[in-house]
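In what follows, chains are A, B, ... by sequence order, proteins preceding strands, each numbered from 1.
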Amino acid sequence: MSDGGGGATPILTRVGEIAAHEGAYVELRGWLYNMRSSGKLHFLQMRDGSGVIQCVAFKGEVSEETFALCGELAQESAIVVRGDVRADERSPLGFELGVREVELLSAPETEYPISPKEHGVAFLMEHRHLWLRSTRPHAVLQVRNEVISACREFMADGGFTLVDAPILTPAACEGTTTLFETDYFGDTAYLTQSGQLYMEAAAMAFGKAYCLGPTFRAEKSKTRRHLTEFWMIEPEIAYCDLAGDMEVAESMVAHIVDRVLDRCTDPLRVLERDTAPLEAARKAPFPRLSYDDAIEILKDEGSSIEWGSDLGGEDETLLSANYDAPLLVHRYPAQVKAFYMKADPDDERLALCVDMLAPEGYGEIIGGGQREDDLTILEGKIAEHGLPKEAFEWYLDLRRYGTVPHAGFGMGIERVVTWLCGLKHVRETIPFPRTLQRIYP
RNA sequence: UCCGGCGUAGCUCAGUUGGCAGAGCGGCUGGCUGUUAACCAGCAUGUCCUAGGUUCGAGUCCUAGCGCCGGAGCCA
């Protein structure tokens with residue numbers, strides 16, 4: 001292997017591994033991100049998906065053809081560059097490439113739409129397929145990748161089995177108004193809005209199970225926290241109560257935060273995320289607050305909220321502002337929660353449920369709780385909510401055959417990524433966002 | 001579904017009381033041996049969202065529509 005300049009055959013590598021090749025003659029395959037010229041010098045900013053490196057072509061050191069070609073390259077030209085890796089203090093990367101040869105594989109047909117200057121979000125989203133190449137989306141999606149890896153790692157280490165939930169479902173979990181309908185060979189099917197009910201079946205089969213997949217909500221929400229298609233991880237645990245559920249939830253989030261802080265320093269720096277506030281979320285346990293106490297605090301702080309109503313966005317922000325770490329709010333009134341929540345034996349008005357509120361005003365990232373495991377009570381609740389019993393027969397079977405206390409939760413991947421990256425809007429945390437107004441590209 | 005805001009060059013925007021359509025960036029041409037969103041000089045660029053209306057005259061005022069953005073509710 002060549003470890004010095006002058007070798008006839010370049011080492012094929014990527015920008016991300018360039019530090020291992022200092023002094024070597026290498027080949028990089030990528031695209032022109034930006035260029036600056038200075039008479040007898042061309043500075044090519046080249047990206048290859050793993051990073052950006054400056055390639056310097058000096059008139060005296062390359063052929064006339066190569067130097068002329070460098071001067072004519074347009075943004076996003078596909079290029080192969082061969083040259084010598086050298087350390088340089090002026091480079092943010094620490095290294096630059098002294099160009100020997102440049103090969104143009106394809107030039108853009110017309111001017112690349114996304115110039116390295118300011119653009120509005122609407123324009124960038126219209127060109128999302130190209131915008132992914134830019135530094136900022138690249139950084140956000142790296143964090144997303146790390147969050148999902150951390151989830152899967154936490155689940156595997158905790159003895160959970162991945163059991164994928166179906167995406168096409170026969171009926172609603174909680175009514176059909178917010179579901180996307182689709183034709184299923186003459187019948188109506190719906191796109192899933194939660195894998196939870198299926199995970200309850202999986203928990204009875206595997207003890208600990210989880211799913212991680214897309215979820216669809218046809219809610220006409222137009223806020224920075226909503227997507228119509230988003231990803232959720234939903235663990236479900238047999239022989240688990242609310243206390244155990246909260247411990248799993250906070251441990252998982254702490255694991256995610258710890259891993260992202262360890263491995264995503266570059267992306268977070270690109271995003272100018274102040275990571276100091278995230279340190280408090282690195283270790284469980286997180287603070288807990290009952291709904292009853294939350295209402296008292298909110299009233300003391302001047303909110304007009306009354307016992308019995310759900311917490312609004314402002315209420316959540318107000319509450320979590322008192323804590324550095326995420327906050328677990330538990331035991332909401334049963335009336336504002338789903339039919340499958342188990343009632344608190346100490347106060348039947350309450351549900352054994354929990355929401356996790358991210359700090360810094362990022363709001364709810366987890367919702368979950370202990371499930372109703374008694375057949376008769378569950379049948380009663382299905383009737384109370386006016387749900388079609390036939391559709392839930394399989395779900396009721398789980399209570400007919402070896403029912404046990406069990407609990408679980410759902411965590412929205414995009415909301416977690418939004419919080420960790422310190423973004424204003426969830427739509428940047430998914431590669432191709434679907435919102436009320438957007439299904440292109 | 002409700003409330004508010006915006007729509008002018010490829011992009012980001014300015015455009016006064018209604019009076020010739022503008023800037024910066026990007027692009028193109030030229031200059032520069034160390035640039036970091038480089039710099040300097042020059043050139044080109046328009047369905048002023050659409051359809052009506054008021055007016056001698058509308059980017060500007062009025063009406064309707066379309067598109068987008070944000071918030072509420074609802075949620076992860």
Side-chain angles (χ1 to χ4, degrees), chain A residues 33-45 52-61 67 71-72 74-75 86 88-93 96 98 108 110-127 131 134-136 173-175 177-179 192-196 212-234 249 253 309-314 316 336-338 354-358 362-368 409-419 424-427 429-430 435-438 440:
Chain A
Y33 195 59
N34 195 10
M35 188 181 67
R36 287 178 286 271
S37 289
S38 177
K40 292 177 181 163
L41 279 168
H42 293 303
F43 301 97
L44 312 181
Q45 312 297 323
V52 179
I53 190 169
Q54 175 163 274
C55 307
V56 184
F58 176 44
K59 195 167 190 175
E61 289 173 2
F67 189 78
E72 289 163 7
Q75 191 188 356
R86 56 196 187 210
D88 194 301
E89 284 179 3
R90 291 163 293 193
S91 162
L93 187 69
E96 62 178 25
T110 56
E111 184 189 341
Y112 187 67
I114 305 178
S115 60
K117 292 287 174 178
E118 58 186 314
H119 298 284
V121 176
F123 174 83
L124 290 169
M125 278 300 176
E126 198 66 19
H127 297 85
W131 189 26
S134 300
T135 313
R136 181 182 166 87
C173 294
E174 308 159 36
T177 50
T178 62
L179 290 178
T192 182
Q193 67 176 180
S194 169
Q196 184 211 310
L212 173 43
T215 298
F216 306 88
R217 303 272 169 94
E219 293 158 359
K220 297 204 168 175
S221 302
K222 294 179 68 173
T223 81
R224 62 181 69 183
R225 296 188 305 281
H226 288 86
L227 298 166
T228 54
E229 177 182 306
F230 65 96
W231 286 61
M232 190 154 64
I233 181 169
E234 294 175 280
V253 171
S309 51
D310 207 352
L311 303 180
E314 278 186 34
E316 291 180 355
V336 298
K337 290 294 174 178
V354 61
D355 283 358
M356 187 186 291
L357 308 181
Y362 281 96
E364 186 178 348
I365 52 172
I366 281 179
F409 61 87
M411 185 189 84
I413 299 294
E414 288 77 15
R415 287 197 179 170
V416 170
V417 177
T418 306
W419 163 47
K424 283 192 292 193
H425 203 301
V426 284
R427 68 187 156 201
T429 64
I430 190 164
T435 66
L436 196 53
Q437 302 288 350
R438 176 166 300 285
Y440 177 95

Salt bridge A/Glu364-A/Arg225, side-chain N to carboxylate O under 4.0 Å: no
Sugar-phosphate only, base, or nothing, as touched by A/Glu96 at under 4.0 Å among non-hydrogen atoms: base
Sugar-phosphate only, base, or nothing, as touched by A/Gly39 at under 4.0 Å among non-hydrogen atoms: base
Touch class at under 4.0 angstrom, heavy-atom based, for A/Ile413 against every strand present: nothing
Pair pattern of RNA chain B in dot-bracket, where unpaired bases get dots and | marks partners in another strand, Watson-Crick or G-U under 3.5 angstrom: (((((((..((((.....[..)))).(((((.......))))).....(((((..]....))))))))))))....
Sugar-phosphate only, base, or nothing, as touched by A/Leu41 at under 4.0 Å among non-hydrogen atoms: base
Touch class at under 4.0 angstrom, heavy-atom based, for A/Asp88 against every strand present: base
Sugar-phosphate only, base, or nothing, as touched by A/Gln54 at under 4.0 Å among non-hydrogen atoms: base
RNA chain B: 5'-proximal contact among A/Phe123 and A/Met232 (nearest heavy atom): A/Phe123
For A/Phe67, ring pair (Phe, Tyr, Trp, His ring centres under 6.0 Å) partners two or more places apart: A/His42
Distance between C1' atoms of B/rG71 and B/rA14 (Å, rounded): 27 Å
Nearest-0.5 Å distance that lies between atom CH2 in A/Trp131 and atom CD1 in A/Ile114: 8.0 Å
Polar atom pairs (N or O), protein with nucleotides 48-50 of chain B, under 3.5 Å:
none

Worked check of salt bridge (Lys or Arg N to Asp or Glu O under 4.0 Å) between A/Arg438 and A/Glu126: CA-CA 9 Å; A/Arg438 176 166 300 285; A/Glu126 198 66 19; 3.1 Å; yes
Gap between atoms CD and C1', on A/Glu364 and B/rC74 respectively (whole Å): 11 Å
Rounded interatomic separation in angstrom, taking CD from A/Glu234 and P from B/rC75: 15 Å
Qualifying residues under ring pair (Phe, Tyr, Trp, His ring centres under 6.0 Å), relative to A/Phe123, sequence neighbours excluded: A/His119, A/His127
If you restrict it to nitrogen or oxygen atoms, what contacts under 3.5 Å exist between nucleotides 39-42 of chain B and the protein, and what is each distance?
none

Nucleotide of B/rC75, B/rG34, B/rG26 approaching A/Arg415 most closely (side-chain heavy atoms): B/rC75
Face-to-face stacking of A/Phe43 with B/rG34, centres under 5.5 angstrom, angle under 30°: no
Along RNA chain B (nearest heavy atom to each residue), the more 5'-positioned of A/Met411 and A/Gln75: A/Gln75
Could you list the protein-to-nucleotides 69-73 of chain B atom pairs, N/O on both sides, closer than 3.5 Å?
unit_1 : atom_1 : unit_2   : atom_2 : d
B/rC69 : N4     : A/Lys222 : NZ     : 3.1
B/rG70 : OP1    : A/His425 : NE2    : 3.3
B/rG70 : OP1    : A/Arg427 : NH1    : 2.9
B/rG70 : OP1    : A/Arg427 : NH2    : 2.7
B/rG70 : OP2    : A/Arg427 : NH1    : 3.4
B/rG71 : OP1    : A/Arg224 : NE     : 2.1
B/rG71 : OP1    : A/Arg224 : NH2    : 2.9
B/rG71 : OP2    : A/Arg224 : N      : 2.8
B/rG71 : N7     : A/Lys222 : O      : 3.1
B/rG73 : O6     : A/Ser221 : OG     : 3.3
B/rG73 : N1     : A/Lys220 : O      : 3.4

Touch class at under 4.0 angstrom, heavy-atom based, for A/Arg136 against every strand present: nothing
Euclidean distance, atom NE2 of residue A/His119 to atom C1' of B/rC13 [Å, nearest integer]: 14 Å
Shortest non-hydrogen separation from A/Met232 to A/Ile413 and the atoms involved: N-CG1, 4.2 Å
